[in-house]
Protein chains: 2
Amino acid sequence: MQTVADEVGVSRSTVSNAYSRPDQLSPELREKIFDAARRLGYAGPDPAARSLRKGRVGAIGVLFSATLSYAFTDPYAVQFLRGLAETAELHDTGLLLMPLAEDATAAAAAVQNAVVDGFCVYCLPDWHSAQAAMRLRKLPVVSSERRDAGDPEARFVAIDEAAATLAAGRYLAALGHRRIALIADWIVPERETRPVATARPEDVPYYVSRERLAGYRDAFAEVGVEWPEIATVNAAQNSRAAAAQAASCVLDRAPRPTAILAVSDMLALGVLDALHTRGLRPGRDVSVIGFDDIPDATTAGLTTVRQPALEKGRQAGALLLNPPEDLAQRQVVLPTELVVRASTGPAPDA
Amino acid sequence: MQTVADEVGVSRSTVSNAYSRPDQLSPELREKIFDAARRLGYAGPDPAARSLRKGRVGAIGVLFSATLSYAFTDPYAVQFLRGLAETAELHDTGLLLMPLAEDATAAAAAVQNAVVDGFCVYCLPDWHSAQAAMRLRKLPVVSSERRDAGDPEARFVAIDEAAATLAAGRYLAALGHRRIALIADWIVPERETRPVATARPEDVPYYVSRERLAGYRDAFAEVGVEWPEIATVNAAQNSRAAAAQAASCVLDRAPRPTAILAVSDMLALGVLDALHTRGLRPGRDVSVIGFDDIPDATTAGLTTVRQPALEKGRQAGALLLNPPEDLAQRQVVLPTELVVRASTGPAPDA
DNA sequence: TTGAAAGCGATACCAT
DNA sequence: ATGGTATCGCTTTCAA
């Protein structure tokens with residue numbers, strides 16, 4: 001096969017330089033090489049070969065536990081990804097989306113074979129086989145959860161989940177709410193919508209739900225409402241429909257809770273749907289609180305905990321692509337804020 | 001450095017086989033090799049090296065002209081990607097998201113350096129520098145638009161855009177509508193929301209808008225409404241807000257159009273917003289029609305053209321990862337359907 | 001400014 | 001069932 005180097009009568013190094021280090025050769029020669037390349041249909045250095053040689057791929061793997069469509073259905077996720085993409089673009093890096101199959105072996109294989117420079121873990125349950133597979137790769141990993149904080153090498157950009165719901169819970173407790181229901185996804189690993197009375201927060205396998213539930217537990221414990229008195233319902237997934245169904249489990253039996261607390265706005269909106277169906281008034285008959293502060297929360301008048309999704313994504317990207325020397329600075333905790341709207345109010349029986 | 005092969009006392013080929021062709025060696029030896037690997041912290045074959053050797057990367061590049069967040073804000077896009085991801089997963093392939101920068105050079109470079117087995121083009125204007133860069137790579141490309149239909153090698157999964165809006169336009173014409181306004185993004189390359197009176201459909205640089213506008217032009221020409229009589233407004237982007245602003249351009253001057261036709265549901269919803277603001281009744285005072293049939297269209301009672309987004313994505317993936325032998329079968333045109341809801345009705349002055 | 005040669009880390013093919 | 005060897009296509013170092 002006729003190579004560009006042969007055609008021009010130079011060495012392969014020189015052709016390589018023409019593409020990657022223009023300052024290393026004369027402009028005329030460079031042009032001559034490009035000419036020949038065009039003639040021969042050579043498109044420039046092969047990215048795979050270049051990756052092997054340079055040890056850099058130009059892509060980071062984004063791990064999802066869910067299907068793509070769930071991931072992108074949640075505006076919070078979209079904002080996070082957008083921030084990540086912004087930073088990635090600055091570093092000439094693409095995002096390799098890796099929706100992980102249910103099949104643990106397949107998921108681990110996907111992680112093992114991913115052609116990436118690092119991983120961004122987002123919404124991945126602790127028990128997932130991909131977690132272990134990632135560690136093996138010895139690539140940098142950044143998490144959007146406060147994970148392995150004990151490990152000084154761990155990188156994350158997180159929020160203080162438990163503190164956020166502690167504050168939200170105290171606010172509700174102060175309003176007099178004592179009959180409480182919590183709705184979360186992955187309280188149990190099964191994807192079923194049903195009450196899961198026995199679980200303690202510590203038993204919840206999914207970090208985010210675990211922490212947020214713990215915050216609520218602590219808040220209500222302060223006013224004498226113990227954990228077993230609080231109804232907990234597992235949502236099959238982080239969707240409005242699942243949450244509406246979950247809400248049914250507690251709304252359709254007496255005594256009805258005076259407040260329903262969801263670990264995400266998507267879930268909280270579903271709770272509002274369930275109230276609406278029953279002619280119940282949010283903030284009057286039943287208070288509802290969410291988490292994230294997605295745009296629809298404003299429209300719906302949903303009280304919620306705001307977290308900086310976009311900024312989380314941006315900083316996650318930076319932690320991966322341009323990590324600070326100081327290890328401590330690789331563990332970022334961003335602030336949250338309780339945003340009170342119309343969906344919460346004094347407990348009706350207070 | 002101590003290699004796994006050395007440690008076990010076998011050749012590199014055998015180690016390779018242990019990972020990639022388990023049937024080629026005894027289970028005991030395989031276990032011994034994995035043991036040694038674990039001890040030495042070897043994570044298995046390096047994906048970059050393997051890609052180079054095998055000539056397969058296990059990823060396809062998804063090209064966007066827009067930012068990630070716009071792409072994922074549109075439910076139509078999300079469905080398409082979901083279908084693509086479904087097929088990709090079946091073939092152990094990831095999706096490399098490539099939001100292309102405005103900067104033409106950077107975009108071309110991104111395409112040149114992407115470590116992928118093929119490209120899926122989605123929502124990329126014809127003039128974009130990435131188009132040419134892709135051709136150079138000589139990788140398979142699938143488009144979600146009926147592109148280069150003359151080229152027998154071209155692969156696409158599309159709909160007949162013009163036929164779809166021709167049908168929709170005829171439906172409106174039959175309802176008596178004669179004063180028409182069209183709203184589309186990229187009627188002109190500039191991202192500005194403003195009337196663009198002079199453009200003929202043929203001049204529109206973005207394929208999708210061009211075709212859809214042409215279909216509407218033909219429909220109304222049939223009832224004697226010529227193109228110059230039809231108001232066309234460019235939307236800065238495919239968003240509700242931009243469309244609401246675009247609608248203002250035609251709603252706030254007399255005589256008001258009796259029908260506003262948008263090339264996407266996102267835009268059409270924005271038009272409904274604008275009507276709502278002015279106390280105008282959709283389907284009575286002003287008829288509105290969209291395109292895509294996203295879920296919100298149902299809720300909003302929006303008349304629209306349904307296209308099979310999920311299926312488009314699925315088949316696009318198949319065309320890339322498992323192409324049929326027969327070239328003709330690589331050019332798929334899926335059906336569309338006019339879905340009539342409450343946002344359209346007889347022209348008020350008819 | 002240019003060239004020669006040594007890998008990057010794996011796999012395919014052919015022997016044994 | 002296992003090993004030897006060539007090779008994938010490039011970049012890098014060092015020498016000319």
Side-chain angles (χ1 to χ4, degrees), chain A residues 1-37 40-59 92 109 111-117 136-139, chain B residues 1-37 40-59 92 109 111-117 136-139:
Chain A
M1 175 192 160
Q2 179 70 343
T3 71
V4 173
D6 293 345
E7 173 88 4
V8 184
V10 297
S11 74
R12 316 206 303 254
S13 327
T14 305
V15 176
S16 173
N17 282 335
Y19 283 96
S20 307
R21 311 176 59 176
D23 52 314
Q24 296 296 301
L25 71 177
S26 65
E28 305 88 62
L29 181 54
R30 193 164 123 97
E31 260 322 308
K32 238 166 84 179
I33 289 175
F34 286 168
D35 261 5
L40 272 59
Y42 175 74
D46 177 86
R50 164 180 273 181
S51 301
L52 174 59
R53 183 61 236 232
K54 306 236 285 195
R56 181 187 180 270
V57 171
D92 297 312
V111 170
Q112 263 159 23
N113 299 327
V115 190
V116 295
D117 299 317
L136 268 185
R137 286 287 304 265
K138 283 181 244 154
L139 291 175
Chain B
M1 176 193 161
Q2 178 70 344
T3 71
V4 173
D6 293 345
E7 172 88 4
V8 184
V10 296
S11 74
R12 314 209 300 257
S13 324
T14 304
V15 175
S16 173
N17 283 335
Y19 283 95
S20 307
R21 311 178 57 175
D23 53 313
Q24 296 295 300
L25 72 176
S26 65
E28 306 87 62
L29 180 54
R30 191 163 125 98
E31 261 321 307
K32 239 166 86 181
I33 289 176
F34 286 168
D35 261 6
L40 271 60
Y42 174 74
D46 177 86
R50 165 181 272 178
S51 301
L52 174 59
R53 183 62 238 232
K54 306 237 282 197
R56 179 185 181 273
V57 170
D92 296 313
V111 169
Q112 261 160 26
N113 298 325
V115 190
V116 295
D117 298 317
L136 268 184
R137 285 288 303 267
K138 283 181 247 158
L139 292 175

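Just so it is clear, the model here is predicted, and its values are computed rather than measured. Only heavy atoms go into these numbers, but all of them, side chains included; no hydrogens, no water, no symmetry mates. Here is how names work: the chains are called A, B, and so on, in the same order as the sequence lines, proteins then strands, and each is numbered from 1.
Using modelled atom types and a 3.5 Å distance limit, the side chains of B:Ser20 and B:Arg50 yield a donor-acceptor pair. Looking at A:Ser11 and A:Thr14, their side chains do bring a donor and an acceptor atom within 3.5 Å of each other.
Summarising the geometry, atom CD belonging to B:Glu31 is positioned 10.5 Å from atom OG belonging to B:Ser26; distances are rounded to the nearest 0.5 Å. A distance of 5.0 Å separates CD of B:Glu7 from CG of B:Leu40, quoted to the nearest 0.5 Å.
Between B:Tyr42 and B:Tyr19, the distance from one ring center to the other falls under 6.0 angstrom.
Between the P atom of D:dA1 and the NZ atom of B:Lys32 lies a distance of 16 Å, rounded to the nearest Å. To the nearest angstrom, C1' of C:dT16 lies 14 Å from CD of B:Gln24. At whole-Å resolution of the value, CD1 in A:Ile33 and P in C:dT1 are 13 Å apart.
Close to D:dA1, at under 4.0 Å from its OP1 or OP2, lies no side-chain N or O of B:Ser26. One finds a side-chain N or O of A:Ser11 lying less than 4.0 angstrom from the OP1 or OP2 phosphate oxygen of C:dG3.
None of B:Asn17, B:Val10, B:Val15 except one satisfies the side chain to side chain contact (heavy atoms under 4.5 Å, CB included) rule with B:Leu29; the exception is B:Val10.
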Polar-atom pairs under 3.5 Å, protein N or O versus N or O of nucleotides 9-12 of chain D: list them with distances, or write none.
| from | atom 1 | to | atom 2 | distance (Å) |
| --- | --- | --- | --- | --- |
| D:dC10 | OP1 | A:Tyr42 | OH | 2.6 |
| D:dC10 | OP1 | A:Asp46 | N | 3.0 |
| D:dC10 | N4 | A:Arg12 | NH2 | 2.5 |
| D:dT11 | OP1 | A:Ser20 | OG | 3.2 |
| D:dT11 | OP1 | A:Arg50 | NE | 2.9 |
| D:dT11 | OP1 | A:Arg50 | NH2 | 3.0 |
| D:dT11 | OP2 | A:Ser16 | OG | 2.5 |
| D:dT11 | O2 | A:Arg53 | NH1 | 2.5 |
| D:dT12 | O4 | A:Ser13 | OG | 3.4 |

